[in-house]
J.: 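Structure in structure tokens, see below.
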Amino acid sequence: MTALVGAGSLIRLALRRDRVLLPVWVVGLVGVTLATASSLGELYGTEELRRQIGATAGTNPAFLAMLGPVHDHTTTGGILAWRWGVFGALLTGLMAMLLVTRHTRADEETGRLELVGSVVTGRHAPLAAAVAVAALASALIGVLVGSGLVALGEPAAGSFALGLAFAAVGLVFTGVGAVAAQLGGSARTANAVSGAVLGGAYLLRAAGDAAGDAGPTWLTWLSPIGWLEQVRAFADDRWWVLLLPVVSAVLLLGVAAVLLTRRDHGGGLVPSRLGPARAPASLRGPFGLAWRLQRGMVIGWALSLLVLGAVYGAVARGVEEMLATNPALARVVAQLGGAGAVVDVYLATVLGMIGLFTSIYAVQATSRARAEESDSRAEPVLATPVRRVSWVVSHLVFATLGAVVVLAAAGLGAGLVHGARTGDVGGQVVRLVGAALVHAPAVWVVAGIALALFGLLPRLTAVSWAFLVVFLVLGQLGPLLRLDRWVVDLSPFTHVPKAPGAEVTATPLVWLTVVAAALVAVGIAGFRRRDVG
Amino acid sequence: MSAAISVSGLVKTFGPARALDGLDLTVRTGEVHGFLGPNGAGKSTTIRVLLGLLRADGGSVSLLGGDPWRDAVALHRRLAYVPGDVNLWPNLTGGEAIDLLGRLRGGLDEKRRATLLDRFELDPRKKGRAYSKGNRQKVALVAALASDAELLILDEPTSGLDPLMEAVFQEAVEEERGRRTVLLSSHVLAEVEALCDRVSIIRAGRTVETGTLADLRHLTRTSVSAELARPPADLGALTGVHDLVADGPRVRFEVDTDHLDAALRVLVAAGVRTLTSRPPTLEELFLRHYEAVRS
């Protein structure tokens, strides 16, 4: 096992470097899970309430697509597994893949791994250490969720089935991250590949879950996140399903280990090709440069959200069909404003999530400016007659207008598919693109926060991610955790009109835009005054 | 002659650390000025202040007659800069980076671009991430030298170049002499000796010496080690020979540059088998400098 010599020291090094990051991930994920469980327990305290959830949400294709099926509505744990399972799995997977990249490809890119590789460490030691850390964090989440739920009074078998299902998803994405780290030549590529797999896993299970009995329900079985649902924690506790993620993780890690021996240090599997000797005419000025640096990201995001929008749009019709087969429910809904209104509520909810996803893009695009600075690529550019304002605005344009493009793509995807199924493509496209764009000012506020941090406290630019996570939790779980109104109001997304359906008033949008503009102005002013580097 | 760069009493602090502590620097228009100092002396910090990337905390700085912080954009039209640590965009080729930097500066000389690429033996079609440190430096050098800027600010431009490429670099700078002003930071004395009209030596954020190299010659000593056919005559008795270590036919000593000739005669008389001589390192120069100050 000489290939693994030194892995132990590397694991200790990684734990030392992540002594803040790792506890934040683990405690944060476990904390949100347990807090959600305890408030669900209060909200659905009686058997009757829980049964209603099972009957309505469990059969509604829209809810099925977003959250998955309700397998057990007799226990709080069962409701938790439905309401939070998919999100918890997404976040655990995200954590695992980011950790693996951080300790493999990112270190290789900066040359730190070269330093490590020159002392006595085996060829596979850095990868093994990264995998060990990610697997450890996943396992910890699994055990803590399991024992925490038991402490809250939930059945032990179901608690640990759910906890271990989270851990298993983390394990799969540890493997995905390990393979992705071998493919491309940079940490950015590795994260993009793993992120695409994670997004694909969410979409596959959404399509499978919402397919209905006659549809391709087997799609769920292709997704690691679908496996979590298929464990059916608190209902059947099908432990054998956990074999799927474990076996796939082992296979993925084997593939990664083999790929590692087939490539050079610092290189990817795909050898880097020669490019043009001269720059195209478009590569001039700060905006030309920003376009080259940002275009891949904005195009990738627009296409991904076009697909996500289409999948969500495909489900909208199902909401109406369900009402048609359930006259009792239809009567209730009619009093609330009719089937059209229910579809709109669904679409508005879905677009709210798309707004949140788009702000991930907006933070990424803004953070690019910081990455250029800290990797000392901004310095040679700012030593030419490029004004600091133009340089920072060249990246900001992508965070703001790029976000509009991404939102419009999602609205277009939803509009095309929902329109095709209702026979009104033109009308739905216009309506849903418009409804998606209503979220733009809130996304700008998030970009503004990132830019203000960049201008005033550049080292803390990454804290904008924390804001985003807080907004996500407030939006998704705010009502569930019964937070005070003013706390929920802190999120810009709280103020976005629930379009389509709800009346769109200009006031909140204008206010959000003003706040975003103020944040941007603060950021630019700060950047003009501070040291670069 | 007017001054292209004139800095006096420059102070720059990073939190509690005082990176520049009253630094003075004058670069005359048209000269090649060596900016010497050990690692961490404050060379790059000074240059970043000159580029308006960092804001000075004290002292006065004038660059090409302007204030580098306030007039940054206007001044940057007239200068080209090669950073000490060149990082290129991973997905842009070297050729694209050269063109981009050239266009940002307002155009570059096509003929010089082609000649320089050829002389530096640089393949402009490789992606930024595929270049070695030396080749990344070449990209920045070609971009700067092919510009028509009147001032070149080069921060340790040869730290990643092999000796062959170092020679190409020296030739290229030699051709610029008189045409434009060059500020060349380095920690290699030999390079500065070969190129520079005048030199400023800094240490711990202060200027310790400024002048022509001849002015500084009194500070230089050469280290010599030799293996001889037989033990030499009494080397220690020679003036200017210091720190002699003699072990039979093997000798090691340092000698003041103006007494090198006499010392070598003694060695030749004893029959030279191998001989290495090394110019003094900067640190040795500093030690010498402080000894000189003390006595």
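Letters A, B, ... mirror the listed sequences (proteins, then strands); counts begin at 1. Please read all numbers here as calculations on a predicted model, not as lab measurements.
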J.: Relative to chain B, which segment of Ala281(A) carries a heavy atom at a distance below 4.5 Å: side chain, backbone, both, or neither?
T.: backbone
J.: Does any part of the side chain of Val7(B), heavy atoms only, come nearer than 4.5 Å to the side chain of Thr26(B), both counted from C-beta?
T.: no
J.: Answer yes or no: is there a donor N or O on one side and an acceptor on the other, between the side chain of Lys138(B) and the main chain of Phe120(B), under 3.5 Å?
T.: yes
J.: Take Ser185(B) and Leu154(B), measure what side-chain contact (heavy atoms from CB on, under 4.5 Å) needs, and give me the verdict at the end.
T.: CA-CA 6 Å; Ser185(B) 107; Leu154(B) 314 176; over 6 Å; no
J.: Do Ser8(B) and Asp24(B) meet the criterion of a side-chain donor-acceptor pair at a distance under 3.5 Å?
T.: no
J.: Taking every heavy-atom pair that is under 4.5 Å apart, which of Asp123(B), Asn91(B), Leu51(B), Leu92(B) has the most such pairs with chain A?
T.: Leu92(B)
J.: Counting only non-hydrogen atoms closer than 4.5 Å, can you tell me which residues of residues 524-533 of chain A sit against chain B?
T.: Arg528(A), Arg529(A), Arg530(A), Asp531(A), Val532(A)
J.: Please find the pair of heavy atoms, one from Ala41(B) and one from Ile202(B), that lie closest to each other, and give the distance.
T.: O-CD1, 3.6 Å
J.: Check for a donor-acceptor pair, side chain of Gln137(B) on one end and backbone N or O of Glu156(B) on the other, with a separation under 3.5 Å.
T.: yes
J.: Specify whether Phe454(A) and Trp391(A) have parallel, tilted or perpendicular ring planes, treating 30° as the upper limit for parallel and 60° as the lower limit for perpendicular.
T.: tilted
J.: Tell me the residues of residues 375-383 of chain A whose non-hydrogen atoms fall below 4.5 Å from those of chain B, in number order.
T.: Asp375(A), Ser376(A), Arg377(A), Glu379(A), Pro380(A), Val381(A), Leu382(A), Ala383(A)
J.: Among residues 95-117 of chain B, which ones touch chain A with a heavy-atom distance under 4.5 Å?
T.: Gly95(B), Glu96(B), Asp99(B), Leu100(B), Leu101(B), Arg103(B), Leu104(B), Arg105(B), Glu110(B), Arg113(B)
J.: Closest heavy-atom contact between Leu20(B) and Gly42(B)?
T.: CD2-O, 3.5 Å
J.: May I ask you to list the residues in residues 65-86 of chain B that approach chain A closer than 4.5 angstrom, counting heavy atoms only, ordered by number?
T.: Trp69(B), Val73(B), His76(B), Arg77(B), Leu79(B), Tyr81(B), Pro83(B)
J.: Indicate the atoms forming the closest heavy-atom contact of Lys133(B) with Ser159(B), along with that distance.
T.: NZ-OG, 3.6 Å
J.: Looking at every heavy atom in both Glu31(B) and Val27(B), which two are closest together, and how far apart are they?
T.: OE2-CA, 3.4 Å
J.: Between the side chains of Ser186(B) and Glu191(B), is a donor N or O closer than 3.5 angstrom to an acceptor N or O?
T.: yes
J.: Any side-chain heavy-atom pair from Phe35(B) and Leu184(B) closer than 4.5 angstrom?
T.: no
J.: Which atom pair, heavy atoms only, marks the closest approach of Leu23(B) to Gly205(B)?
T.: CB-O, 3.6 Å
J.: Side chains of Glu150(B) and Thr181(B): donor-acceptor distance under 3.5 Å anywhere?
T.: no
J.: I would like to know whether Thr189(A) and Arg105(A) meet side-chain contact (heavy atoms from CB on, under 4.5 Å); could you show each step before the answer?
T.: CA-CA 9 Å; Thr189(A) 318; Arg105(A) 190 46 89 166; over 6 Å; no
J.: Arg28(B) vs His33(B), test: side-chain contact (heavy atoms from CB on, under 4.5 Å). Steps then yes/no.
T.: CA-CA 8 Å; Arg28(B) 295 174 191 155; His33(B) 193 101; over 6 Å; no
J.: With the side chain counted from C-beta on, respond yes when Lys126(B) and Thr93(B) share a heavy-atom pair under 4.5 Å apart, and no when they do not.
T.: no
